[in-house]
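For reference, positions follow the sequence shown, starting with 1.
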Amino acid sequence: MTIVIGFEGSANKIGVGIVRDGEVLSNPRRTYITPPGQGFLPSETAKHHRGVILTVLREALEEAELTPADIDCVAYTKGPGMGAPLVTVALVARTVAQLWGKPLLGVNHCIGHIEMGRLITKANNPTVLYVSGGNTQVIAYSERRYRIFGETIDIAVGNCLDRFARVIKISNDPSPGYNIEQMAKKGTQYIELPYTVKGMDVSFSGILSYIEEAAQKMLSSDQCTAEDLCFSLQETLFSMLVEITERAMAHCGSQEVLIVGGVGCNLRLQEMMGVMCKERGARLFATDERFCIDNGAMIAQAGWEMFRSGHVTELTDSWITQRYRTDEVEVTWRG
């Protein structure tokens with residue numbers, strides 16, 4: 001049996017997870033939450049992570065009922081992500097690996113999401129929609145790479161939702177996206193917003209600029225409610241994502257869709273994607289908040305796959321990078 005511990009902290013979540021041959025033994029995490037109307041700054045996020053990471057590490061070992069001697073490999077998020085939080089996590093992972101005398105392994109954050117989704121859902125060879133605060137990509141596996149078929153050309157869908165939440169002062173607890181989802185359920189009026197799909201790519205900055213400018217005017221004049229704006233924004237953004245995912249499926253001849261990333265928890269997105277899949281005779285796979293939101297177990301699972309196929313990161317190469325594309329990694333563990 002191979003046991004891998006994974007450290008994740010590329011944004012405002014800090015998590016440590018332990019995986020043993022496809023079984024998640026533990027997966028505790030903490031979230032840095034800021035007041036309504038504010039985002040999270042890299043330096044403050046890193047400070048939060050430094051304050052709790054050893055506690056989370058201790059919880060992971062205790063919950064898994066393991067000791068450091070039981071661990072075979074230490075995996076950490078190499079990137080992409082926010083620089084200061086990534087450095088914090090990499091520093092702890094390096095230190096732990098040296099103290100315990102274990103090999104170290106830098107993992108691509110995006111691939112962590114994909115491998116976690118494949119493990120939990122048992123999807124065979126899906127077209128992947130990866131949607132989070134920092135990334136929006138449509139991905140399919142081909143010839144030892146996770147190929148990017150389409151992506152955002154500006155900001156990520158999660159970033160668009162988060163920044164809209166700041167405009168109308170929606171709470172960041174537990175997350176702005178979750179609170180937008182709940183408010184959208186009460187929306188009754190659809191407000192037409194810019195819809196920008198360019199081939200296989202999408203653009204969200206124009207929608208955000210439009211709704212940022214229009215929101216206060218429409219709310220103050222009672223043209224609509226905040227719930228209507230949340231509903232309209234979700235419907236527009238998610239329609240764009242479903243369109244490019246369906247196009248990628250047609251290109252690849254795929255009959256499976258896997259949604260990963262923090263925005264993938266949104267039940268409305270899953271519902272809309274499910275309708276498209278049903279019309280195509282395809283299957284939809286998704287996970288809940290335990291595994292779609294950033295967590296340590298996803299880094300451990302990707303690390304498990306990589307370690308078993310011979311990957312190891314030398315200490316001199318154990319740096320981090322804020323820019324690390326999904327298709328840069330050679331996927332040696334898949335046929």
Side-chain angles (χ1 to χ4, degrees), residues 8 10 22 77 79-81 107-153 156-158 197 199-202 204 237-267 269-278 280 282-295 297-299 301-306 324-335:
E8 157 59 26
S10 59
T77 303
V107 172
N108 180 290
H109 177 86
C110 316
I111 287 180
H113 275 296
I114 296 171
E115 295 305 335
M116 192 81 243
R118 290 180 62 232
L119 171 68
I120 298 300
T121 65
K122 308 302 181 188
N124 180 33
N125 187 28
T127 297
V128 179
L129 175 65
Y130 171 35
V131 278
S132 69
N135 297 276
T136 300
Q137 298 175 343
V138 179
I139 301 162
Y141 174 77
S142 176
E143 297 179 354
R144 292 199 163 192
R145 301 275 171 174
Y146 282 116
R147 311 285 176 177
I148 299 170
F149 280 78
E151 60 190 319
T152 176
I153 60 174
V157 63
V197 174
M200 284 298 300
D201 296 327
V202 289
F204 300 121
L237 297 179
F238 295 167
S239 294
M240 292 162 60
L241 295 174
V242 171
E243 178 181 336
I244 63 171
T245 303
E246 182 174 21
R247 195 170 289 138
M249 291 176 70
H251 180 81
C252 299
S254 172
Q255 290 298 301
E256 294 179 335
V257 173
L258 171 63
I259 306 176
V260 299
V263 181
C265 298
N266 190 297
L267 296 181
L269 173 59
Q270 293 182 19
E271 180 184 18
M272 292 171 71
M273 194 69 73
V275 170
M276 181 273 287
C277 287
K278 185 176 180 181
R280 295 184 62 87
R283 296 182 65 190
L284 173 64
F285 297 91
T287 62
D288 58 31
E289 69 279 353
R290 292 173 302 165
F291 303 114
C292 64
I293 295 173
D294 292 352
N295 63 90
M298 72 183 208
I299 302 303
Q301 174 59 21
W304 184 89
E305 295 278 13
M306 295 172 70
Y324 190 14
R325 287 180 62 82
T326 315
D327 52 8
E328 287 183 41
V329 179
E330 185 178 8
V331 184
T332 56
W333 56 93
R334 290 190 61 178

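Side chain of Arg145 to backbone of Asp327: a donor-acceptor contact under 3.5 angstrom is found. Under a 3.5 Å cut-off, the side chain of Glu8 and the backbone N or O of Ala297 do not form any donor-acceptor pair. Not one N or O on the side chain of Asp201 forms a donor-acceptor pair closer than 3.5 Å with the backbone of Gly199. With hydrogens and angles ignored, the 3.5 Å screen pairs a side-chain donor or acceptor of Tyr141 with a backbone N or O of Gly335. Within the 3.5 Å criterion, the main-chain N or O of Val157 finds a donor-acceptor partner in the side chain of Thr136.
What you find for Ser10 and Thr77 is that their closest heavy atoms are CB-CG2, 4.1 Å. The two atoms that bring Ala286 and Leu258 nearest to each other are N-CD1, 4.5 Å, heavy atoms only. Nearest heavy-atom pair, Ser132 versus Gly261, reported as atom, atom and distance to 0.1 Å: CB-CA, 4.4 Å. The minimum heavy-atom distance between Gly22 and Leu119, with the atom names listed, is O-CD1, 3.4 Å. Across every non-hydrogen atom of Thr127 and Ala248, the tightest pair is CG2-CB, 4.0 Å. Contact between Gly158 and Val263 at its shortest, heavy atoms only, is CA-CG2, 3.7 Å.
Two residues are said to be in side-chain contact when any heavy atoms from C-beta on lie closer than 4.5 Å; Ile114 and Thr326 meet this criterion. At least one side-chain heavy atom of Phe204 sits under 4.5 Å from a side-chain heavy atom of Met240. Counting only heavy atoms from C-beta outward, the side chains of Gln137 and Tyr146 never approach each other to under 4.5 Å.
Atom-to-atom distance recorded for Leu129:CG and Met273:CE is 4.5 Å, nearest 0.5 angstrom. A distance of 14.0 Å separates CD in Gln301 from NE2 in His113, rounded to the nearest 0.5 Å. Residue Glu246 holds its CD atom at 15.0 Å from NE2 of His251, rounded to the nearest 0.5 Å. For the atom pair OG (Ser239) and CD1 (Ile244), the distance works out to 12.0 Å, reported to the nearest 0.5 Å. Going from atom CE of Met298 over to atom NE2 of His109 covers 4.0 Å, rounded to the nearest 0.5 Å. With rounding to the nearest 0.5 angstrom, the OG1 atom of Thr245 is 7.5 Å from the CD1 atom of Ile259.
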Could you go through Thr121 and Thr287, starting from their C-alpha distance and side-chain angles, then the distance that decides it, and tell me whether this counts as side-chain contact (heavy atoms from CB on, under 4.5 Å)? CA-CA 7 Å; Thr121 65; Thr287 62; 3.8 Å; yes
So Met249 and Met276, side-chain contact (heavy atoms from CB on, under 4.5 Å) or not? Walk me through it. CA-CA 11 Å; Met249 291 176 70; Met276 181 273 287; 3.7 Å; yes
Determine, step by step, whether Val329 and Tyr324 satisfy the side-chain contact (heavy atoms from CB on, under 4.5 Å) criterion, reporting the C-alpha distance in whole Å, the side-chain angles of both residues, the deciding distance to 0.1 Å, and the verdict. CA-CA 9 Å; Val329 179; Tyr324 190 14; 3.4 Å; yes
Go through the steps for Arg247 and Val197 under the test side-chain contact (heavy atoms from CB on, under 4.5 Å), then give the verdict. CA-CA 11 Å; Arg247 195 170 289 138; Val197 174; 3.9 Å; yes
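With Asn125 as the fixed residue, the side chain to side chain donor-acceptor pair (under 3.5 Å) test singles out one of Gln255, Glu256, Arg334, Arg118: Arg334.
In the displayed structure, Arg283 atom CZ is contacted under 6.0 Å by at most 12 heavy atoms of other residues, nucleotides or ligands.
Tyr130 and Asn135 form a side-chain donor-acceptor contact under 3.5 Å, judged by distance and modelled atom types alone.
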